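Take a look at the structure set out below.
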Amino acid sequence: MEKLSGVVERITFVNEENGFSVIKIKVKGQAELVTVVGNMAAVNIGAVVELKGEWNYDSKYGRQFKASGCIEKIPATVAGIERYLGSGLIKGIGPVNAKRIVKKFKEETIRIIEKEPERLSEVEGIGPKRVEMIKDAWVEQKEIKNVMLFLQEYEVSVAYAVKIYKTYGNASIKVVKENPYRLADDIWGIGFKIADKIATKLGYDQNSYVRCRAGLIYVLNQFANEGHCFAFREQLLKEAVEMLAIEPSLLENALMPMLKEEVLVQEGGDRFYLPSFYYSEEGAAQRIKEIMVGKKLFALQEIESIIKQIQKKEKIVYDEVQLDAIRVACNSKFMVLTGGPGTGKTTTTLAIMRVLEKMGAKILLAAPTGRAAKRLSEATGREARTLHRLLEYKPPQGYQKSLENPLDCDVLIVDEMSMVDIVLMYNLLKAVPDKAMVILVGDRDQLPSVGPGNVLRDIINSERVKVVKLTRIFRQAQGSRIITNAHKINQGKFPYLKGGQKSDFFFIEESDPASIVGQIKALCAQRLPAYYGVNPIDDIQVLTPMQRGEVGVRNLNEVLQEVLNPAKTWVTYGGIKYKLHDKVMQIKNNYDKNIFNGDIGRITFLDEEEKKVMIRFEQQVVKYDLTELDEVVLAYATTIHKSQGSEFRIVVAPLLTQHFMMLQRNLLYTCVTRAKKAMVLLGTKKALAIALKNNKVELRNTMLRERLAEEGKGV
């Protein structure tokens, strides 16, 4: 093992996922900069590094020093200190302030920052607020370095080391040593596999109870990520045995103590739930039954007279299905209004509202996402809120609206119900007063929620609540090829693919992925904006079935970012380049920021010195630290699953046989129904045929339908 020391002159590459870095260092006595590769725990420009490792020769890059260990020391020279501080190491100090500070304090700079930070206010342009920021950031970076150096041995990335420090602070190393499996529970992004790797290197027994426990919880979380509320015993054990590579009996033995600890709930002998999903499912069913047995608010005779008044005054003629929906809504405590695009769900909802308002009812409107709430508000002319805003979610206390502090309403109408998962549904129902009526509006044929459960479909299939299904396509909607083709797709029929000047549905036949990428670039950057006069970033959305591959989300985002966003300001995090004005999507519920999975925004501000990014979403501007950027992804292209509940003026979507695993009828149907003004499909007729034929709705492990049906049919 050889040793090498020098000053970091350049950082050529850093992989935030695994910490692998390529740096150039100035070594005393050598004219050329030396290339060093290895996991170097976020070294900074200007730092003095002491390395151990070995020399090797790379056929492409030449002679390199492969580092297996790295100790970073603070530079001693004035020039070195200036470069060190100006490299972005400390929040609040950029190149300009670094120059000013070093000019003032020279070789004493590091001692001043560490021992007398208040003296930084003597430097021009540094006020008390920035002094505090620099002081805190200096302490934090020192501690983070310690955590990074410790975790480096266990191949944990720089990005995760920062998250670990932010969660546990100065106790980080102690926590990791005591129980590395805690990381999987406490820190988003660190799964069981990373925690298990650390535990193995720390010498944890592969057959230990703590490992079995963590593995079983991880598997149940994976099932939840796929939409299941529970796993059957056989499923749970099979997945856990494969992942942990241990005897099934060890996992069987772990189940009983986990049930005693109440980290698992067992029901019916072979169903295993994580507690939050069990209590949400059980509680949602119970609340629906309690609301349904409450006293009805209105007399039917009164309803008929009001309908006549409205039709006469507003010169509207409701058809029989709509009239039936109004009567059912006004005569039920709990109902579902369902139907495909163009069948008049919004018109019917408005009609129900007019009748109920005439009767003096106080109505609240809500939808799962900001975009869906905005659309509902525009369609009804009334205020509509997201469910989280309606329930007044405040971290860390949680939902302010509950059984003890219910919503103030006679009627609650929730749109886009196919998006609502079981946990959100239970929290919503807890806040509904027993006296209120609940009207759920949605399309049961859309993809189910991203979160666990199949709430809308289960409620309809229980036959426990009143359901009105709208089927007739209104005359004005019949002129839209998007709507008529969506209904054809839903019935398993081949859509009408011939375009034309007046059409809003276009099919471009192409089987080569590279050609499709080129076509998508041209469509988004030139052809569609020129023809429709739209903004290519805000008004056009590319939807694709898959994350990976040439026509997957990741590649399309890189390609579209390059062609649609010429901004020269950016930051890089986790291998992704985030540019000023980029379109991004939140991929995790962040209750502290009041931003939720699927929310789309635009980057409005980037500051590498203060290490912050500002993103404007539908209803607010939100600040992110650079280390939180793994919560957002580029959103020029997104998966069809993530587009639920959103509506876009123009949708462009590739559909190829290489997407075979994802080609399902409800996926294609959801994709087409996202488009408002134009839908452009690119791909092959064979891929279309596969999707149309595959009407096997992916079954989810849920029990809401059975729980609702327990007391027999009807109300």
Side-chain angles (χ1 to χ4, degrees), residues 223-230 271 273 277-278 280-289 291-292 325 328 332 334-341 343 345 349 367-369 372 387 413-429 438-471 486-487 489-492 598 640-645 662 664-674 691 694-710 713-715:
F223 271 94
N225 290 340
E226 291 166 16
H228 302 290
C229 290
F230 64 87
R271 293 191 298 276
Y273 288 80
F277 304 135
Y278 172 78
S280 292
E281 195 175 77
E282 177 74 16
Q286 187 59 34
R287 283 301 298 140
I288 290 170
K289 291 174 186 176
I291 292 163
M292 281 165 53
V328 169
S332 304
F334 206 105
M335 78 161 282
V336 173
L337 177 66
T338 187
T343 57
K345 287 196 301 292
T349 303
T369 66
L387 290 171
I413 299 176
V414 184
D415 198 12
E416 292 290 358
M417 263 304 297
S418 60
M419 295 181 71
V420 178
D421 64 39
I422 193 65
V423 176
L424 184 54
M425 186 62 176
Y426 178 45
N427 281 294
L428 175 66
L429 292 170
V438 176
I439 300 168
L440 307 179
V441 184
D443 184 347
R444 62 168 284 167
D445 297 316
Q446 299 282 354
L447 289 167
S449 58
V450 174
N454 205 344
V455 175
L456 181 63
R457 192 178 277 267
D458 281 353
I459 289 173
I460 292 170
N461 290 345
S462 74
E463 300 182 21
R464 178 82 174 152
V465 304
K466 298 286 188 187
V467 178
V468 175
K469 185 169 185 182
L470 304 173
T471 53
H487 284 274
I489 288 164
N490 205 22
Q491 293 157 15
I640 297 166
H641 277 87
K642 286 282 189 189
S643 73
Q644 276 179 285
M662 300 297 290
Q664 293 176 324
R665 192 188 296 176
N666 63 350
L667 186 96
L668 180 58
Y669 175 71
T670 298
C671 177
V672 170
T673 54
R674 299 308 91 207
N694 183 7
N695 194 33
K696 186 186 170 193
V697 177
E698 218 167 280
L699 291 175
R700 292 185 165 193
N701 293 344
T702 72
M703 287 293 290
L704 181 62
R705 179 178 70 83
E706 289 79 0
R707 293 183 200 283
L708 284 169
E710 270 169 10
K713 296 178 183 178
V715 179

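Values in this document were obtained by computation on a predicted structure and should not be read as measured data.
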By salt bridge (Lys or Arg N to Asp or Glu O under 4.0 Å), Arg665 pairs with (sequence neighbours left out) none

Thr673: side-chain contact (heavy atoms from CB on, under 4.5 Å) partners, not counting sequence neighbours = Pro341, Gln446, Ala486, Tyr669

d(Arg700 CZ, Cys229 SG) to nearest 0.5 Å is 8.5 Å

To the nearest 0.5 Å, what is the distance between CG (Asp443) and CE (Met417)?
-> 12.5 Å

His228 side chain to Phe223 backbone, donor-acceptor under 3.5 Å = no

Sequence neighbours excluded, which residues qualify as side-chain hydrogen bond (donor to acceptor under 3.5 Å, both in side chains) partners of Asn694?
-> none

For Arg705, side-chain hydrogen bond (donor to acceptor under 3.5 Å, both in side chains) partners two or more places apart = none

Under the side-chain hydrogen bond (donor to acceptor under 3.5 Å, both in side chains) test, which residues partner Asn427, sequence neighbours left out?
-> none

For Ser332, enumerate each residue passing the side-chain contact (heavy atoms from CB on, under 4.5 Å) test, keeping only those at least two apart in sequence or located in another chain.
-> Val328, Met335, Lys466

Using ring-ring contact (aromatic ring centres under 6.0 Å, His included) as the criterion, list what pairs up with Tyr426, not counting sequence neighbours.
-> none

Would a distance-only check, ignoring hydrogens and angles, find a side-chain to backbone donor-acceptor pair under 3.5 Å from Lys289 to Arg707?
-> yes

The ring-ring contact (aromatic ring centres under 6.0 Å, His included) partners of Phe277 (sequence neighbours excluded) come to none

Taken in chain and number order and not counting sequence neighbours, the residues that satisfy side-chain hydrogen bond (donor to acceptor under 3.5 Å, both in side chains) with Asn695 are none

Parallel, tilted or perpendicular, as decided by the 30° and 60° cut-offs, for the rings of Phe230 and Tyr273 = tilted

Leu387 and Pro368 have their tightest heavy-atom pair at CD1-CA, 4.0 Å

Would you tabulate the side-chain donor-acceptor contacts of residues 449-458 under 3.5 Å, counting partners in other chains and residues two or more places apart, or write 'none'?
unit_1: Ser449; atom_1: OG; unit_2: Gly451; atom_2: O; d: 2.9
unit_1: Ser449; atom_1: OG; unit_2: Gly453; atom_2: O; d: 3.4
unit_1: Arg457; atom_1: NH2; unit_2: Arg444; atom_2: O; d: 3.0
unit_1: Asp458; atom_1: OD2; unit_2: Thr702; atom_2: OG1; d: 2.7

For His641, check ring-ring contact (aromatic ring centres under 6.0 Å, His included) against everything at least two apart and list the hits.
-> none

Atom CD1 in Ile288, atom CD1 in Ile459: separation rounded to 0.5 Å?
-> 4.0 Å

Exam field: side chain Thr338 to backbone Gly442, donor-acceptor pair closer than 3.5 Å = yes

Partner set under side-chain contact (heavy atoms from CB on, under 4.5 Å) for Gln491, not counting sequence neighbours = His487, Lys493

Nearest heavy-atom contact between Ser462 and Val465 is OG-N, 4.3 Å

